[in-house]
Amino acid sequence: MKHIILVVITFFFLTGFMTEEENEKERERIRCETIESNPEVYAKELESMEYKVICEVGREEWCAEMDAKSKGDWSAKEAGAYAEYCVFD
C-alpha cells in the first residue's frame with residue numbers, strides 16, 4: 001500500500017512541473033508508441049490523417065522528406081507545419 005501511495009505522489013509531483021502543452025506532447029508520444037508497437041492497430045492507423053498529424057509531422061524523417069520535396073509541391077498546411085516543427089523547434 002505504501003508503494004502505491006509513493007508512486008501516485010511521485011507521479012503528481014513530477015507532472016506538476018510540466019506545462020499543459022508538455023503534458024499533451026507526452027500523451028501524444030505515448031499514444032504513438034503504443035500504436036507503433038501493435039502491428040494490427042498500426043496497419044489501421046497508418047492511413048488516418050489524425051495519426052499522420054500527431055505521430056509523423058515534426059519527426060526528423062518527416063522534415064527530411066519535406067526537404068527533399070520541391071517547395072512548390074508543399075501545401076500551405078505542410079509549409080506551416082514545417083516552419084513550426086522543423087525550423088523553429
Side-chain angles (χ1 to χ4, degrees):
M1 183 69 174
K2 290 180 182 179
H3 181 70
I4 293 172
I5 293 171
L6 180 62
V7 169
V8 170
I9 291 172
T10 303
F11 173 77
F12 286 117
F13 180 74
L14 292 175
T15 58
F17 291 108
M18 295 174 69
T19 65
E20 185 59 35
E21 182 178 327
E22 291 170 330
N23 282 331
E24 181 66 26
K25 285 185 178 184
E26 183 65 14
R27 285 190 293 271
E28 290 173 355
R29 184 189 65 75
I30 291 169
R31 179 174 180 243
C32 294
E33 286 178 1
T34 303
I35 290 171
E36 291 166 0
S37 67
N38 186 332
E40 293 175 2
V41 175
Y42 181 71
K44 292 177 185 175
E45 290 284 332
L46 189 58
E47 295 303 316
S48 78
M49 184 56 82
E50 181 181 4
Y51 172 80
K52 288 180 181 180
V53 169
I54 293 174
C55 300
E56 291 182 3
V57 172
R59 287 189 166 180
E60 289 182 28
E61 299 86 8
W62 183 82
C63 292
E65 287 175 15
M66 292 302 291
D67 285 334
K69 189 175 178 180
S70 170
K71 307 275 188 277
D73 293 336
W74 291 11
S75 69
K77 288 184 179 182
E78 287 175 327
Y82 181 85
E84 180 178 352
Y85 295 107
C86 304
V87 176
F88 296 117
D89 196 21

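Values below: every heavy atom of this structure, side chains too, minus hydrogens, waters and symmetry copies. Keep in mind it's a predicted model, so treat the numbers as computed, not measured. The first residue of the sequence shown is numbered 1, and numbering continues consecutively from there.
- Other residues, nucleotides and ligands place more than 12 heavy atoms under 6.0 Å from the NZ atom of Lys71.
- Between Tyr82 and Met66 the shortest heavy-atom distance is CD1-CB, 3.7 Å.
- One distance of note links CD of Glu28 with CD of Glu33; it measures 12.5 Å at 0.5 Å rounding.
- What you find for Ile35 and Tyr42 is that their closest heavy atoms are O-CB, 3.4 Å.
- Between atom CD of residue Glu45 and atom OG1 of residue Thr34 there is a gap of 11.0 Å, rounded to the nearest 0.5 Å.
- Nearest heavy atoms, Ala81 versus Trp62: CB-CH2, 3.8 Å.
- For Glu78, the side-chain hydrogen bond (donor to acceptor under 3.5 Å, both in side chains) partners two or more places apart in sequence, or in a different chain, are Lys69.
- Residue Ile30 is not grouped with residue Val41 when hydrophobic side chains (ILVMFWY) are merged at heavy-atom distances under 4.5 angstrom, including chains of intermediate members.
- Under 4.0 Å is where a charged nitrogen must lie from a carboxylate oxygen, and between Glu26 and Arg29 at least one such pair does.
- Side-chain contact between Glu65 and Glu56 is absent, with no heavy atoms from C-beta onward closer than 4.5 Å.
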